[in-house]
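Below is one structure, written out as structure tokens, with a few remarks after it.
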Amino acid sequence: MALNKFSRIYTQDDSLPASQAMLIGAGLSDADLRKPFVGICSTGFEGNTCNMHLNGLADEVKRGVAAQGLVGLRFNTIGVSDGITNGNAGMRFSLVSREIIADSIEAMAGAHYYDALATVVGCDKNMPGALIAMARLNRPSLMVYGGTIKGGEFKGQQLNIVSCFEAYGKKVNGQISDEDYQGIIHNACPGPGACGGMYTANTMAAAIETLGMSVPASSSLPAESAAKVQECLDAGAYLRNLLELDLKPRDILTREAFENAMVVITVLGGSTNAVLHLIAIAHAAGVHLTMEDFQAVSNRVPVLADLKPSGKYLMEDLSKIGGVPAVQRTLLNYGLLNGDLMTVTGRTLAENLANVPSLGAEQDLLRPLSNPIKADGHIQMLYGNLATKGSVAKISGKEGLRFEGPAIVFNSEEELNQGIIDHKIKAGQVVVIRYVGPKGGPGMPEMLKPTSAIMGAGLGDKVALITDGRFSGGTHGFVIGHVCPEAFDGGGIALVQDGDWIILDASANTIDVQLSKDELAVRRAAWQRPPLPAKQGVLLKYIRTVSDASHGCITDLAEEDYVTADLSPAR
Ligand code: FES
């Protein structure tokens, strides 16, 4: 089989001289025109630590591709940094960017008939966006993760990006000097790389390595390491092998692979954003994955890793003890992973791990199965009159399994931020942040600033938060997001008023406001949908096309999928 089965459509057809003339004009030789074309897409851009080095890594991938007799053709797409877009204005574009990334890679590689695809990506939405595109295109592909950032340090305190938000909370409460506040800001991000804890980027990197779509050990490699450069150079050989085997993403992205990824996310205590992203990637790969599948994994798999945000260690610490492969090897020994699944190496997961030692008592980052941090998963799906189509809770166990209290309601992140400054939040309350869902935000912004500020104010373990928006992977505490239906669609969360009693029960998986059906009906009759939160452009297109959070906030959900999707029924 010709390895250039797509690009030859225009490189080897005498009737398409313009295509060939343009490629020759772009610097390709006649010999190059007979080689397979590899699209190399980077989300590199200046102005963000997660992405600032990606174009350089893409250059290394191109070198590695050329060394294998392939033609690497670099192109870029956008990347949006969650670390910089905090605040509703910018953050509204974050989840939207996942779709733009997926759509633009699909359009570019599809239009130019690339035979294979490498994506070099580095921040929260970059990775799922790239995976969605690779699954849609279904041509030999692999993902290169830009790598994790080094930890920062100031006055002996270990720092990461979340330290900045927590410092802000302390500043608001007069617990930290301006000098120390500035010191933390100036030292939290000491160079390139994605946020260092088990936040969304590292969660997705570990999940994607486990899915089999990036090479072994790549997800925990620091951004600034010789090993990361070598991974990029090696990508050429892996891509050549994938082309020769005609091994495509949908051969790798099977339902069982998603099961494995959910297990690793759970063991590592990963981000709730993974629920949205894996459902979306699965949809692109033609795999039917639901929130209930996550719940089933949470019911049988414990949290074992002592990683930030709720734990002690960073991803670079995991790298030092063998990285994700060491975790996978240990889980394989426990019988928690399926080792028979194919990966981008052309070998199975178990074959990749054949010479990897498992983790034991020589380290304390990954606890043994007999002494878990939490006996079941931290990601729990809660249903009730506040979330008839589900919500996603992140329950580390430290905050308890049940919370009840009076509601204090905010209709935007800005309202909540002002409420924190005005000291409106009191211990014992359930903080409701609504109209920040996929349509209402729009773009389902993360509540990183308010949640970190609440932490910094010392209220983190004294209040619960529920929202139809998202939480950052860096958030910890009793937090429930992805409430569905969202307030903009008239979900139960839209009907809550200050002082209503809310009961959240992570062991019974319930989220309810203590109101009768009659009272809810009266309030529903009086409820009015607010005006569209965007009037034009990409945000308006997003409002018109985005699915609900329980369907992964995808923008290409066919009408019949809504009918056949096996979501947990409303209670
Ligand atoms: Fe890029 Fe956190 S902002 S990984």
Side-chain angles (χ1 to χ4, degrees), residues 42-55 57 77-98 100-101 119-131 143-152 159-166 168 184-185 188-209 214 218-224 228 265 268-274 276-277 307-309 314-316 318-319 324 394 443-449 451-452 470-476:
S42 160
T43 53
F45 68 98
E46 296 176 341
N48 179 37
T49 52
C50 319
N51 303 70
M52 61 191 276
H53 59 307
L54 298 183
N55 286 344
L57 294 180
T77 187
I78 66 159
V80 165
S81 166
D82 286 19
I84 290 175
T85 57
N86 278 289
N88 199 31
M91 182 53 95
R92 293 183 302 171
F93 292 94
S94 169
L95 191 58
V96 175
S97 77
R98 185 190 75 184
I100 298 171
I101 292 165
T119 54
V120 186
V121 285
C123 197
D124 295 11
K125 310 302 174 296
N126 302 185
M127 284 178 270
L131 262 286
M143 188 197 86
V144 175
Y145 174 41
T148 185
I149 196 171
K150 281 193 300 209
L159 300 176
N160 63 83
I161 190 69
V162 175
S163 310
C164 298
F165 293 103
E166 293 180 354
Y168 170 73
I184 288 170
I185 292 171
C189 297
C195 298
M198 191 42 66
Y199 312 143
T200 304
N202 281 329
T203 299
M204 290 312 299
I208 290 164
E209 182 178 328
S214 57
S218 61
S219 61
S220 43
L221 292 179
E224 290 184 292
K228 182 53 73 178
I265 288 167
L268 294 179
S271 162
T272 52
N273 282 318
L276 288 179
H277 297 327
L307 284 162
K308 287 183 182 302
L314 294 170
M315 192 64 152
E316 66 173 338
L318 177 59
S319 183
V324 169
K394 185 175 183 180
M444 209 181 175
E446 287 181 355
M447 300 297 119
L448 180 56
K449 181 175 177 181
T451 51
S452 296
R470 291 178 298 128
F471 290 111
S472 155
T475 302
H476 51 120

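Whatever order the structure lists ligands and atoms in, that order sets their numbers, starting from 1.
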Legend entry - Protein N, O or S atoms lying under 2.8 Å from atom 1 (Fe) of ligand 1, listed by chain and number: C50 SG, C123 SG
Inset, instruction - Check side-chain hydrogen bond (donor to acceptor under 3.5 Å, both in side chains) between K150 and all other residues, then give those that pass, not counting sequence neighbours. - result: none
Legend entry - Salt-bridge present (E446, K125; N to O < 4.0 Å): yes
Inset, instruction - Name all residues meeting the side-chain hydrogen bond (donor to acceptor under 3.5 Å, both in side chains) criterion together with T77; count only those two or more places apart in sequence or in a different chain, and write none if there are none. - result: S104
Inset, instruction - Return the set of residues passing side-chain hydrogen bond (donor to acceptor under 3.5 Å, both in side chains) with N160 (not counting sequence neighbours), or none when no residue passes. - result: Y199
Inset, instruction - Check whether any side-chain heavy atom of M315 lies under 4.5 Å from a side-chain heavy atom of L307, and answer yes or no. - result: no
Inset, instruction - State, with a plain yes or no, whether a side-chain heavy atom of L131 is found less than 4.5 Å away from one of I208. - result: yes
